[in-house]
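Please read all numbers here as calculations on a predicted model, not as lab measurements.
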Amino acid sequence: MFRAEAARAAQVVAGRFETSAIDVQYNSKNGGSATIEALARSLQAAANPLDAEKDVLFLILTSHGSPDGLAIKAGRLTQTLTPSRLADMLAKTGVRHKVVVISACYSGVFIPRVATPDVLVITAADANHPSFGCQDKAKWTYFGDAFFNVALRQAVSLKDAFLEARSLVRKRELREHFEPSNPVMAGGANVQPLLVTRP
């Protein structure tokens, strides 16, 4: 499910914004290449051809989450991507403007360490709540469906897409009697003017 969401989300972003190469990495129960170390390498590889001041580095992460960070499982390998580790990786890219979207339970834990005026962070939940919809046969999580599959396809800005997605997620959770996950958008004051969507 996370593989499908990541691939589809990347396609939607590419369709709405002027993008360079897209790199989608994923794991399965048998293994995979999406480790913390591989993420650091991928971020650097994506950053290398970018203009460090004018371009925007866009990162989408989707997985299980906990109050400690993002779960990474590749076969027998189990890791936790912590907020401080992700913040360090992003800083090392040398690219000033970044967008980070994290679809995971408790993903709001990343905001204090990662969100800055130059880094826009959008999370599927706040730091104290789970998010929903990560069943094996699903094509999207609740947040992924609302943000990427519905709102971002038509919104004129990331902020508009987030506000619409948050409303859609809240309605769905209440309808299904779940405690609201409270998606969060923070930082990015210097990034949003650079994000011009295609019609």
Side-chain angles (χ1 to χ4, degrees), residues 2 4-25 39-40 42-63 70 81 83 86-104 107-126 131 140-170 181-199:
F2 294 125
E5 175 157 293
R8 291 185 176 97
Q11 289 174 347
V12 173
V13 169
R16 293 312 315 272
F17 300 99
E18 185 101 17
T19 60
S20 55
I22 295 170
D23 179 17
V24 178
Q25 296 192 19
L39 174 60
S42 295
L43 282 171
Q44 200 59 58
N48 287 338
L50 299 182
D51 183 310
E53 288 295 318
K54 295 180 181 177
D55 290 332
V56 179
L57 180 63
F58 209 114
L59 173 64
I60 301 166
L61 298 170
T62 178
S63 183
L70 201 67
L81 176 62
L86 180 59
D88 289 345
M89 278 188 217
L90 291 168
K92 287 177 181 176
T93 64
V95 176
R96 177 180 173 187
H97 302 104
K98 295 172 276 283
V99 174
V100 180
V101 183
I102 306 175
S103 180
S107 44
V109 298
F110 284 87
I111 285 172
R113 287 303 308 271
V114 178
T116 71
D118 289 332
V119 183
L120 175 65
V121 181
I122 296 172
T123 64
D126 64 20
S131 54
W140 296 94
T141 61
Y142 286 13
F143 178 79
D145 185 43
F147 182 71
F148 293 108
N149 194 36
V150 177
L152 191 57
R153 290 185 190 275
Q154 57 199 17
V156 297
S157 71
L158 274 180
K159 182 176 182 180
D160 288 347
F162 170 76
L163 293 173
E164 173 67 12
R166 186 174 64 182
S167 175
L168 291 170
V169 168
R170 173 66 62 97
S181 54
N182 304 318
V184 182
M185 178 174 176
N190 299 331
V191 182
Q192 293 189 57
L194 303 175
L195 296 167
V196 179
T197 57
R198 293 171 174 165

Which heavy atom in [X] sits nearest to a heavy atom in [Y], and how many Å separate them?
{"X": "Gly108", "Y": "Pro112", "answer": "O-CD, 3.6 Å"}
{"X": "Val114", "Y": "Pro83", "answer": "CG2-O, 3.9 Å"}
{"X": "Ala87", "Y": "Arg113", "answer": "CB-O, 3.5 Å"}
{"X": "Ala146", "Y": "Val169", "answer": "CB-CG2, 3.6 Å"}
{"X": "Ser107", "Y": "Ala124", "answer": "OG-N, 3.2 Å"}
{"X": "Ser157", "Y": "Asp160", "answer": "OG-N, 3.0 Å"}

Hey, what do you get for [atom1] ([X]) to [atom2] ([Y]), rounding to the nearest 0.5 Å?
{"X": "Trp140", "Y": "Phe147", "atom1": "CH2", "atom2": "CZ", "answer": "10.5 Å"}
{"X": "Thr123", "Y": "Leu61", "atom1": "OG1", "atom2": "CG", "answer": "12.0 Å"}
{"X": "Asn149", "Y": "Arg8", "atom1": "CG", "atom2": "CZ", "answer": "8.5 Å"}
{"X": "Arg96", "Y": "Lys54", "atom1": "CZ", "atom2": "NZ", "answer": "13.0 Å"}
{"X": "Arg170", "Y": "Asn182", "atom1": "CZ", "atom2": "CG", "answer": "5.0 Å"}
{"X": "Leu39", "Y": "Leu70", "atom1": "CG", "atom2": "CG", "answer": "9.5 Å"}

What do the steps show when you test Val99 against Val191 for side-chain contact (heavy atoms from CB on, under 4.5 Å), and what is the final call? CA-CA 8 Å; Val99 174; Val191 182; 3.8 Å; yes

Without swapping roles, check the side chain of [X] against the backbone of [Y] for a donor-acceptor pair under 3.5 Å.
{"X": "Asp145", "Y": "Thr141", "result": "no"}
{"X": "His97", "Y": "Glu53", "result": "yes"}
{"X": "Arg16", "Y": "Ala155", "result": "yes"}

Between [Y] and [X], is there a side-chain heavy-atom distance shorter than 4.5 Å?
{"X": "Ser131", "Y": "Tyr142", "result": "no"}
{"X": "Ile60", "Y": "Phe148", "result": "yes"}
{"X": "Lys159", "Y": "Leu120", "result": "no"}
{"X": "Arg153", "Y": "Val12", "result": "yes"}

Please walk me through it: do Val95 and Leu43 pass side-chain contact (heavy atoms from CB on, under 4.5 Å)? CA-CA 10 Å; Val95 176; Leu43 282 171; over 6 Å; no

What verdict does the side-chain contact (heavy atoms from CB on, under 4.5 Å) test give for Ile102 and Leu86, after you've listed the backbone C-alpha separation in whole Å, the side-chain angles of each residue and the deciding distance to 0.1 Å? CA-CA 11 Å; Ile102 306 175; Leu86 180 59; 4.2 Å; yes

Check the angle between the aromatic planes of Phe58 and Phe17 and answer parallel, tilted or perpendicular using the 30° and 60° thresholds. tilted

With Val13, which of Val101, Leu152, Leu158 fulfils side chain to side chain contact (heavy atoms under 4.5 Å, CB included)? Leu152

For Asn190, which of Asp118, Thr116, Val119 qualifies under side chain to side chain contact (heavy atoms under 4.5 Å, CB included)? Asp118

Kindly determine whether Val184 and Ile122 satisfy side-chain contact (heavy atoms from CB on, under 4.5 Å), including the steps that lead there. CA-CA 6 Å; Val184 182; Ile122 296 172; over 6 Å; no

